[in-house]
Amino acid sequence: MPMTSDDVITILGPVDEALVADVIATGATQAELAEAFSWVSNDEALIGEGRHLPAGRVAALVDLLTADEEEQAD
C-alpha cells in the first residue's frame with residue numbers, strides 16, 4: 001500500500017509539500033521512511049549497533065531528507 005501525505009507527515013513532522021511528494025514518489029514503505037529518518041536523526045547510534053549502511057530506497061530517502069536539511073541550513 002503506497003504511503004499518503006499523512007503517513008509522511010506522521011513520520012517526519014511538518015515538512016514541505018515538495019518533499020512529501022518526492023518521498024511518496026520513491027515508492028518506499030512507512031517502515032523504510034522511518035528507518036531513513038532514524039539514520040538522518042542519529043546515524044552514529046545506528047552504526048554503533050552494527051547496522052549496515054542504508055541501501056536501496058532507504059538510501060534514496062536519506063539523500064532526500066539530508067538535501068532538505070542542507071537547504072534549510074543555507
Side-chain angles (χ1 to χ4, degrees):
M1 182 167 144
M3 276 195 291
T4 66
S5 297
D6 288 339
D7 295 332
V8 174
I9 292 168
T10 296
I11 295 168
L12 299 181
V15 292
D16 181 275
E17 288 182 25
L19 178 60
V20 172
D22 289 343
V23 167
I24 292 171
T26 67
T29 64
Q30 292 176 8
E32 289 169 326
L33 179 57
E35 182 180 347
F37 187 64
S38 294
W39 275 104
V40 171
S41 300
N42 196 3
D43 64 343
E44 289 181 23
L46 295 174
I47 291 171
E49 291 176 4
R51 291 206 184 174
H52 295 284
L53 293 175
R57 288 190 289 212
V58 174
L61 290 166
V62 167
D63 289 343
L64 281 173
L65 297 176
T66 55
D68 186 55
E69 287 180 350
E70 290 170 6
E71 287 177 13
Q72 290 177 3
D74 290 340

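Bear in mind the structure is a predicted one, so any value in this text is a computation, not a measurement.
- Thr26 and Arg57 get closest at one heavy-atom pair: O-CD, 3.4 Å.
- Shortest non-hydrogen contact noted between Leu65 and Leu19 is CD2-CD2, 4.2 Å.
- Between atom CG of residue Leu33 and atom CD1 of residue Ile11 there is a gap of 4.0 Å, rounded to the nearest 0.5 Å.
- Closest non-hydrogen pair, Val62 versus Pro54, comes out as CG2-CG, 4.1 Å.
- Across all non-hydrogen atoms, the minimal contact from Ala28 to Leu61 is CB-CD1, 3.4 Å.
- At a threshold of 4.5 Å between non-hydrogen side-chain atoms, the residues Ile24 and Ser5 count as touching.
- Formation of a donor-acceptor pair under 3.5 Å by the Asp63 side chain with backbone atoms of Ala60 is not found in this model.
- Using modelled atom types and a 3.5 Å distance limit, the side chains of Asp7 and Thr4 yield a donor-acceptor pair.
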